[in-house]
Amino acid sequence: MTEKYDAKTAELTWLKHWEDNKIFSFNPNAKGKVYSIDTPPPTVSGKMHIGHAFSYTQQDIIARYKRLKGFNVFYPFGTDDNGLPTERLVEKTKNVKGARMERQEFITLCEQTLKEIRPGFVNDWKRIGSSCDFQLFYSTIDKNCQKISQEGFLDLVKKERAYRKEAPSLWCPQCATAISQVECKDAEKPSSFNEIVFMAEGKELIIATTRPEMLSACVAIFAHPEDNRYKKLFGKKATVPLYDFEIPIMPDTKANPEKGTGIVMCCTFGDQTDMEWYRQYNLPLKEAITRDGKMTAIAGKYSGMRTDDARKQIIQELKDAGLLRAQTQITHAVNVHERCNTPIEIIQSKQWFIKYLDLKEDMLKWGAELTWHPAFMKSRYDNWVKGLQWDWLISRQRFFGIPFPVWYCTKCDTPIFADPKKLPIDPLKDFPPAKKCSCGNTEFIPEKDVLDTWATSSLTPKLASTLLDKKDQHKVYPMSLRPQAHDIITFWLFNTMVRSRLHDGINPWKEAVISGFVTMQGEKMSKSKGNVIEPQEVIAKYGADALRYWASSSKFGDDLDYHEKDVRTGDKFVTKLWNAANFANLNLQGYTTGTATHATDKWILHKLRNTIQAAEESFDAYDYAHAKAALEKFFWQDFCDNYLELIKVRMYEPKDPQDKQSAQAALSTCLSALLRLWAPFTPFITEELYQTLLKEKEGYASVHIAPWPVVKIKEDKKIEVAGELAVEILAAARKKKSEAKLSMKAPIKKITVFAPKNDHWNLSQEIQPFLADLKAATSAETIQFEDATAEKRIEVEM
RNA sequence: GAGCCCGUGGUCUAGCGGUUAUGACGUCUCCCUUACACGGAGAAGGUCCCCAGUUCGAAUCUGGGCGGGCUCACCA
């Protein structure tokens with residue numbers, strides 16, 4: 001062993017060792033029960049962020065533990081790189097606009113960009129010590145994924161779950177595509193509440209609105225049926241200002257008398273309520289906004305203007321005409337697209353949907369069949385299911401994604417589906433289809449829309465399992481575990497559940513573990529706030545083991561505030577483990593086999609045995625943080641601070657060869673066990689130590705495929721209790737010396753222990769075998785016992 | 001507005017009916033003892049958010065506040 005451990009070079013050495021020797025390769029025919037993990041495919045964005053390092057470390061600890069326990073671990077790796085996120089990344093980094101380019105040119109650029117950045121991106125995952133089988137690799141835009149995704153779509157068509165319909169849909173004018181409910185989020189935006197003059201029955205009717213630019217799309221006016229101010233107007237007409245057309249005044253309970261003037265205009269579509277009224281009362285459709293967020297022809301002179309410009313101008317015009325009675329500045333929550341923060345519009349268009357609103361009850365049952373860690377995360381899922389209001393809109397008017405395998409008849413618009421055996425296909429290239437329409441027509445137009453990225457990533461259990469031979473796929477699917485962070489329960493977990501249920505009628509996994517978030521002074525990290533920590537920099541400074549040590553200090557579901565000092569604690573642990581192993585190595589020179597016969601040695605083996613048991617119980621409940629705490633206590637306190645100090649003199653100057661051999665036996669057992677116990681948390685340092693100290697003796701190619709340690713000794717309460725007393729005596733001696741400001745080497749005349757007799761054993765008898773080590777460790781001349789009827793007490797005389 | 005989570009020494013955290021309330025970081029004192037000064041020994045530091053209840057007994061259970069966070073919803 002060298003003087004110091006150099007994490008930076010050592011970690012790279014072992015990464016290469018693992019890769020070269022295929023340590024984490026999945027062999028479907030290997031022994032051991034299969035434990036399969038539905039690894040989250042990160043969205044390719046150039047660099048891993050600290051939240052990734054955090055959650056992927058946590059799941060990796062589970063994977064490594066299961067491997068030690070003898071499971072045949074299936075732990076694939078994929079990248080999610082189709083759809084809008086990639087388009088936005090390419091548009092940003094290459095300074096282009098997909099919509100203004102030749103479609104194929106843009107797609108090629110996306111593919112090229114991915115090819116450039118993907119290897120570096122994936123390398124970040126290797127670097128933190130993810131024990132994935134990187135040979136089992138998929139990209140959600142690769143050919144196999146395209147095939148699986150298109151097959152899935154056709155399967156849903158066959159099951160009458162996928163349908164195409166012209167309907168009002170959530171729409172992002174910035175991205176110029178329809179989006180789904182889950183892609184929306186709230187944002188506080190400033191706005192103005194404008195009281196505008198309509199005319200009805202020759203009188204002024206004041207209506208408050210935040211969206212005056214929608215006036216031209218106004219189709220009705222609503223007030224509450226019980227609202228006495230407006231009761232007499234129901235069934236009458238009102239005239240829209242500036243545009244001068246008439247609309248009906250109608251009663252509906254959704255109108256809130258408390259809000260504004262209690263009377264509201266319904267435009268197609270200002271918001272979701274407008275849409276509901278449109279459906280309920282069969283109102284006409286008037287579209288005021290185009291798909292790229294501009295005013296349509298019906299807006300008259302505002303036609304072609306952006307909606308926000310039109311709003312400003314129309315307010316001015318109303319003001320000039322004396323039709324604006326009041327204006328208040330407000331901030332209100334607006335629905336925006338989570339990818340670009342643009343306010344969402346509701347626009348009528350023809351889209352593909354997956355029908356699932358009828359399955360809400362079933363969805364709740366499916367969620368209940370899954371074991372959640374922590375359990376309370378299930379309520380996020382339930383909450384989402386209960387709030388679902390739209391079927392899943394899966395078509396996107398974008399470019400870089402998986403194409404719908406569909407063409408449409410130019411005469412009757414009937415969809416013609418691709419032959420499932422010929423997938424994947426691109427209807428734009430594989431054209432025309434080799435079929436006739438049922439109406440006899442032979443002319444078609446290809447579908448240009450692409451599938452929502454979640455429509456593919458919701459199939460990850462399949463994307464991963466189909467990397468295996470067909471005969472082996474059933475071994476890994478349904479999967480044992482879905483690990484992920486809590487922010488995408490409503491996206492990824494929910495969608496995967498739905499797809500697996502719809503396609504195969506089963507839950508995709510047995511259990512789910514949900515990671516928390518990394519925060520900075522309690523706040524979410526974000527580039528705009530400038531409080532981002534880059535894992536690459538942390539690794540460069542402290543090594544991946546230290547980072548992992550930090551990440552494993554919080555349990556599943558808990559957020560963790562980032563403090564660099566906590567990573568430093570990990571770094572210190574690595575050093576401590578190195579030094580303890582170094583001590584063991586120095587004192588195990590020449591040792592081959594032996595038995596622990598001394599009391600102190602038996603005691604530490606008992607502690608070890610109990611620690612292993614405790615760690616195992618915690619691990620099996622997915623509570624690695626607890627397991628870590630138990631290991632920490634054993635390693636740092638029991639083993640380093642107490643045990644090693646107790647055996648030093650016996651090790652250096654044995655009176656009898658067996659004195660030393662007994663300690664060596666225990667030391668050797670502890671060393672081997674410690675390396676394996678810590679291997680899931682700090683895989684690099686443990687591998688380094690295993691390779692240099694134990695590999696030759698034990699023969700495993702890596703500590704990570706060695707078996708979980710077992711200490712084969714029977715429970716011995718006497719040793720445990722007497723050992724505790726030995727530690728108390730040691731502590732009393734140390735305390736006395738500290739208080740006297742003396743070195744720990746300072747001699748002690750006498751230690752007197754007042755030990756009450758126990759019903760079951762006589763402590764002063766049981767402690768006898770420890771006395772030699774105790775005297776040596778405390779430099780005490782004598783240790784004597786006096787029976788006491790009172791409390792246990794230890795007196796130290798210098 | 002709804003659901004969920006959280007509130008423990010200066011900071012982070014364990015404990016979840018009976019503990020001298022755990023540990024880490026920080027602070028202070030001492031110790032260079034041949035694994036480790038990136039160490040060791042010791043000390044100081046706490047109305048366990050507040051109020052009420054259940055109980056012989058509550059940091060721990062129940063109810064009600066207050067404060068923070070997340071998710072969903074509302075969005076004229």
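Each chain gets a letter, A, B and so on, in the order the sequences are listed, and its residues count up from 1.
What separates CD of A/Glu564 from P of B/rA24 is a distance of 20 Å, to the nearest Å. What separates CG of A/Asp487 from P of B/rC5 is a distance of 19 Å, to the nearest Å. With rounding to whole Å, A/Tyr562 atom OH is found 14 Å from B/rC25 atom C1'. With rounding to whole Å, A/Phe583 atom CZ is found 12 Å from B/rU34 atom P. Here the C1' atom of nucleotide B/rU13 and the CD atom of A/Glu632 are 11 Å apart, to the nearest Å. A straight line from NZ of A/Lys185 to C1' of B/rC72 spans 15 Å, rounded to a whole angstrom. Atom NZ of A/Lys565 and atom P of B/rU13 are 10 Å apart (whole Å). At whole-Å resolution of the value, CE in A/Met377 and P in B/rC6 are 10 Å apart.
Because its NZ or CZ atom is both nearer than 6.0 Å to the ring centre of A/Trp492 and within 45° of the ring axis, A/Arg482 counts as a cation-pi partner of that residue. Annotation: cation-pi geometry not satisfied between A/Lys572 and A/Tyr549 (NZ/CZ under 6.0 angstrom from ring centroid, within 45° of ring axis).
With B/rG69, B/rC74, B/rG3 as the choices, the nucleotide that has an atom nearest any side-chain atom of A/Asp559 turns out to be B/rG69. Closest to the side chain of A/Val264, out of B/rC72, B/rA76, B/rU33, is B/rA76. The side chain of A/Trp384 has B/rA73 as its nearest neighbour among B/rU11, B/rA14, B/rA73. For A/Asn383, the side-chain atoms get nearest to B/rC72 when compared with the rest of B/rC30, B/rC72, B/rU33.
A/Trp550 has its ring centre less than 6.0 Å from the ring centre of A/Tyr562. Proximity of the aromatic rings of A/Tyr381 and A/Trp384 is defined here by a centroid distance below 6.0 angstrom, and this criterion is not met.
A/Lys8 meets the side-chain contact (heavy atoms from CB on, under 4.5 Å) test with A/Asp6; sequence neighbours excluded.
The side chain of A/Thr210 contributes an N or O atom lying less than 4.0 Å from OP1 or OP2 of B/rA76. Taking side-chain N and O atoms only, A/His486 has no distance below 4.0 Å to OP1 or OP2 of B/rC5. A close approach under 4.0 Å does occur between a side-chain nitrogen or oxygen of A/Gln181 and OP1 or OP2 of B/rA73.
Residues A/Ile315 and A/Ser192 approach most closely at CD1-OG, 4.0 Å, considering heavy atoms. Shown here for A/Tyr281 and A/Pro251, the closest heavy-atom pair between the two residues is OH-O, 3.6 Å.
Across all strands shown, the partner of B/rG3 is B/rC70, judged by Watson-Crick or G-U wobble contacts whose two distances both fall under 3.5 Å. Pairing of B/rU19, defined by two Watson-Crick or G-U wobble distances under 3.5 Å, is not identified with any nucleotide. With a cut-off of 3.5 Å on both Watson-Crick or G-U wobble distances, the partner of B/rU54 is given as none. In a base pair of the Watson-Crick type (N1 to N3 plus N6-O4 or O6-N4) or a G-U wobble (N1-O2 and O6-N3), with each distance short of 3.5 Å, B/rC30 is matched with B/rG40.
Along RNA chain B, the nucleotide nearest to A/Lys555 and the one nearest to A/Lys745 differ in position, and the one closer to the 5' end is contacted by A/Lys555. Nearest-nucleotide assignment on RNA chain B puts the 5′-proximal partner with A/Leu560, out of A/Pro257 and A/Leu560.
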Short heteroatom pairs, N/O only, protein and nucleotides 37-41 of chain B, under 3.5 Å:
| residue | atom | partner | partner atom | Å |
| --- | --- | --- | --- | --- |
| B/rC38 | O2 | A/Thr575 | OG1 | 3.0 |
| B/rC38 | N4 | A/Lys4 | NZ | 3.3 |
| B/rG39 | O3' | A/Lys576 | NZ | 3.1 |
| B/rG40 | OP1 | A/Lys576 | NZ | 3.1 |
| B/rG40 | OP1 | A/Trp636 | NE1 | 2.7 |
| B/rA41 | O2' | A/Arg734 | O | 3.1 |
| B/rA41 | O2' | A/Ser738 | OG | 2.7 |
| B/rA41 | N3 | A/Ser738 | OG | 3.0 |

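Comparing B/rA44 with B/rG10, their C1' atoms are spaced 13 Å from each other, to the whole Å. Spacing of P atoms, B/rC4 relative to B/rA41, comes out at 45 Å, to the nearest Å. Rounded to a whole angstrom, the distance from the C1' atom of B/rU20 to that of B/rG45 is 16 Å. Atom name P, nucleotides B/rC25 and B/rC32: the rounded distance is 22 Å, in whole Å. Between the P atoms of B/rA59 and B/rC31, the separation comes to 41 Å (whole Å). Look at the C1' atom in both B/rA24 and B/rG65: the space between them is 33 Å, to the nearest Å. Nucleotides B/rG64 and B/rC70 are separated by 24 Å at their P atoms, to the nearest Å. Look at the P atom in both B/rU33 and B/rC16: the space between them is 42 Å, to the nearest Å.
A/Ala580 comes within 4.0 angstrom of a nucleotide base, judged by non-hydrogen atoms across all strands. A/Phe193 comes within 4.0 angstrom of sugar-phosphate atoms only, judged by non-hydrogen atoms across all strands, and of no base. Among the heavy atoms of the strands, none lies under 4.0 Å from A/Ser553. Within 4.0 Å (heavy atoms only), A/Leu644 reaches at least one base atom of the nucleic acid. Looking at heavy-atom distances under 4.0 Å, A/Lys633 makes no contact with the nucleic acid at all. When heavy atoms are screened at a 4.0 angstrom cut-off, A/Asn256 is found touching base atoms of the nucleic acid. Nucleic acid contact class of A/Ala625 (heavy atoms, under 4.0 Å, all strands): none.
A/Tyr624 and A/Phe556 have perpendicular rings, their planes meeting at more than 60° on a 0 to 90° scale where under 30° would count as parallel. Between A/Trp454 and A/Phe491, the ring planes lie tilted relative to each other; the angle falls in the 30° to 60° range.
The base of B/rC72 has none of its N or O atoms less than 3.5 Å from a complementary donor or acceptor on the side chain of A/Asp186.
Between A/Lys607 and A/Glu724 there is a salt bridge, since a side-chain N of the basic residue sits under 4.0 Å from a carboxylate O of the acidic one.
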